[in-house]
Amino acid sequence: AYVSESWAHAGGAFFESDPYYLSLETFPMRHSLPLSFGLEISYFPSSRVALTSGLDLSIYNSVRTVRTLEMRQRVHYLGIPLKAEWVAWQAGRFSTWLGAGGKVDRCIRARIGDQSVQDNTFHWSVMADASLQYALTEHLGLYVQPEVSWYFKPTQPVLQTYRTEHPFMFTVGAGLRIGF
């Protein structure tokens, strides 16, 4: 068996063992939990309301086993979140936030085995979060942020990742928040 050039066709791959193609969608795929890194910047039109955006880099790793062959997949997405947040409570350097918004992601790199795969679709999601922040300075804070999100799966996904199989996600993020 060998991997054909049609690997990224309609969210799966094809193996050729005889004149008939067998879709890899029939073989199970194991997904690792995704890992994300990001930077947020907040603008405060008032003392209790913030508009927040930034950049997120998310990495999705998966393995599909077909008989004795393992195909490893690694996908990198660059995302731009846009949220409205409300400062629910503030005392000294601590504050709690409630937020809601959306995010658009775009695949910037994908590899299955040793082959690159193109995915030019935009991936959309909506989210709601609550966070606890500690202010290091007037404009800089560290935060921890539990979040729920819903990923809108494309009609014909090019790649299968953790989020295509689990569109409702619960994550806990931590990071640096810059306010101006």
Side-chain angles (χ1 to χ4, degrees), residues 1-17 21-40 52-83 99-133 142-177:
Y2 68 93
V3 178
S4 76
E5 293 298 315
S6 302
W7 170 258
H9 175 72
F14 298 100
F15 274 72
E16 186 176 2
S17 56
Y21 286 104
L22 180 62
S23 170
L24 277 183
E25 291 177 357
T26 60
F27 295 98
M29 187 173 230
R30 285 187 330 261
H31 301 289
S32 300
L33 291 175
L35 184 61
S36 294
F37 304 93
L39 177 67
E40 288 189 348
T52 302
S53 189
L55 286 176
D56 292 339
L57 175 66
S58 300
I59 303 168
Y60 291 81
N61 290 303
S62 305
V63 175
R64 187 182 303 265
T65 305
V66 180
R67 297 181 189 99
T68 59
L69 179 65
E70 277 194 352
M71 297 298 296
R72 296 194 180 278
Q73 172 181 285
R74 177 173 275 201
V75 183
H76 295 85
Y77 289 100
L78 188 61
I80 300 174
L82 182 59
K83 299 185 289 185
K103 184 167 88 164
V104 62
D105 287 292
R106 178 83 181 230
C107 178
I108 58 171
R109 183 172 189 230
R111 296 193 66 78
I112 300 174
D114 60 353
Q115 291 193 339
S116 291
V117 177
Q118 282 292 113
D119 180 0
N120 294 323
T121 57
F122 289 100
H123 301 265
W124 300 90
S125 59
V126 292
M127 67 186 87
D129 60 42
S131 61
L132 174 65
Q133 177 174 304
L142 291 174
Y143 68 95
V144 175
Q145 178 174 295
E147 175 183 288
V148 292
S149 62
W150 179 264
Y151 167 71
F152 297 101
K153 184 176 172 180
T155 312
Q156 294 184 339
V158 173
L159 298 160
Q160 293 178 357
T161 63
Y162 184 90
R163 67 182 176 180
T164 57
E165 290 189 19
H166 307 281
F168 180 75
M169 292 177 57
F170 174 79
T171 58
V172 177
L176 186 64
R177 184 177 281 137

*At what distance, to the nearest 0.5 angstrom, does CE of Met29 lie from OG1 of Thr161?*
8.5 Å
_List the residues meeting side-chain contact (heavy atoms from CB on, under 4.5 Å) with His76, not counting sequence neighbours, and say none if there are none._
Leu57, Ile59, Arg74, Ile108, Arg109
*Can you check side-chain contact (heavy atoms from CB on, under 4.5 Å) on Lys103 and Ser58, steps first, answer last?*
CA-CA 12 Å; Lys103 184 167 88 164; Ser58 300; 4.3 Å; yes
*Where is the tightest heavy-atom contact between Ser32 and Tyr162, given as atom of each residue plus distance?*
O-CD1, 3.8 Å
*Above 12 or not: heavy atoms from other molecules or residues under 6.0 Å from CD1 of Ile80?*
no
*State which residues pass side-chain contact (heavy atoms from CB on, under 4.5 Å) with Leu82; sequence neighbours excluded, sorted by chain then number.*
Ser53
*Are the side chains of Tyr77 and Arg163 in touch, meaning some heavy atoms are under 4.5 Å apart?*
yes
*Looking at residues at least two apart in the chain, or sitting in another chain, which of them share a side-chain contact (heavy atoms from CB on, under 4.5 Å) with Thr171?*
Glu147, Met169
*Side-chain contact, heavy-atom cut-off 4.5 Å: Arg30 with Glu70?*
yes
*asked:* I'd like to know whether Leu159 forms a side-chain contact (heavy atoms from CB on, under 4.5 Å) with Tyr60, so could you lay out the CA-CA distance, the side-chain angles of the two residues, the decisive distance to 0.1 Å, and finally the verdict.
replied: CA-CA 10 Å; Leu159 298 160; Tyr60 291 81; over 6 Å; no
*asked:* With side-chain hydrogen bond (donor to acceptor under 3.5 Å, both in side chains) as the test, pick out the partner of Gln160 among Gln73, Arg64, Lys153, His31.
replied: Arg64
*Do you know the tightest heavy-atom contact between Gly38 and Asp56?*
CA-OD1, 3.6 Å
*Got a sec, which residues hit side-chain contact (heavy atoms from CB on, under 4.5 Å) with Leu132, two or more places apart in sequence or on another chain?*
Phe94, Thr96
*Quick one: side chain to side chain donor-acceptor pair (under 3.5 Å) partners of Thr164, sequence neighbours excluded?*
none
For a quick test of your reading: what N or O donor-acceptor pairs under 3.5 Å do the side chains of residues 119-131 make, sequence neighbours left out?
| from | atom 1 | to | atom 2 | distance (Å) |
| --- | --- | --- | --- | --- |
| Asp119 | OD1 | Thr121 | N | 3.1 |
| Asp119 | OD1 | Thr121 | OG1 | 2.6 |
| Asp119 | OD2 | His123 | NE2 | 3.1 |
| Asn120 | OD1 | Gln118 | NE2 | 3.3 |
| Thr121 | OG1 | His123 | NE2 | 3.1 |
| His123 | ND1 | Tyr151 | OH | 2.7 |
| Asp129 | OD1 | Gly99 | N | 3.3 |
| Asp129 | OD2 | Lys83 | NZ | 2.9 |
| Asp129 | OD2 | Gln145 | NE2 | 3.3 |

